[in-house]
Amino acid sequence: MVSRVGGVVSEDFRKQMLGYGLTTAQILYRMPDHPSLLQTYVWQNYDMFPKFPALKDFLAFWQEKLDGPLHSVTVAHSKLIKPAELRAVDGVFRLH
């Protein structure tokens, strides 16, 4: 996270204001020396739902540069800045 002093906001906050949300991917891949074994890797970054361009770039890098072939990817995504949750109030109580 890039944080600056003096009123300038961090890059992460700027991304959130542009609609990015926190994306977490659990990546299962096969061990290069032992293909019958699976290893897990957790990737987390700010990304845009539903196309996930940052995750797709990371997975393309993985397939091009790393030896462990991908088995599966499970993705979770949450917008950290979202509209306030409101609910109706059925009554008003006064305390003296």
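Using a 4.5 Å heavy-atom threshold, the side chains of Leu22 and Gln44 count as touching. Using a 4.5 Å cut-off on side-chain heavy atoms (C-beta onward), Ile27 and Leu59 make contact. The closest side-chain heavy-atom distance from Thr24 to Trp43 is not below 4.5 Å. At least one side-chain heavy atom of Arg14 sits less than 4.5 Å from a side-chain heavy atom of Val8.
Atoms CZ and CD, from Arg30 and Gln39 in turn, are 13.0 Å apart once rounded to the nearest 0.5 Å. Rounded to the nearest 0.5 angstrom, Ser72 OG and Gln26 CD are separated by 7.0 Å. Note that CG of Leu38 and CG of Leu28 are 5.5 Å apart. Values are rounded to the nearest 0.5 Å.
In this structure, the side chain of Asp67 does not engage the main chain of Pro32 through any donor-acceptor pair within 3.5 Å. With Asp47 contributing its side chain and Thr23 its backbone, the two residues share no donor-acceptor pair below 3.5 Å.
In terms of heavy atoms, Val75 sits closest to Phe52 at CG1-CZ, 4.0 Å.
Clustering ILVMFWY residues whenever any of their side-chain heavy atoms sit less than 4.5 angstrom apart, transitively, puts Tyr20 in the very cluster that holds Leu80. Cluster annotation: Trp62 and Val42 are assigned to distinct hydrophobic clusters (Ile/Leu/Val/Met/Phe/Trp/Tyr, side-chain heavy-atom contacts under 4.5 Å, transitive). A continuous path of hydrophobic side-chain contacts links Leu66 to Val73 [ILVMFWY only; heavy atoms under 4.5 Å].
The aromatic rings of Phe61 and Phe58 sit tilted relative to each other, their planes meeting at an angle between 30° and 60°.
Between His71 and Tyr29, the distance from one ring center to the other does not fall under 6.0 angstrom.
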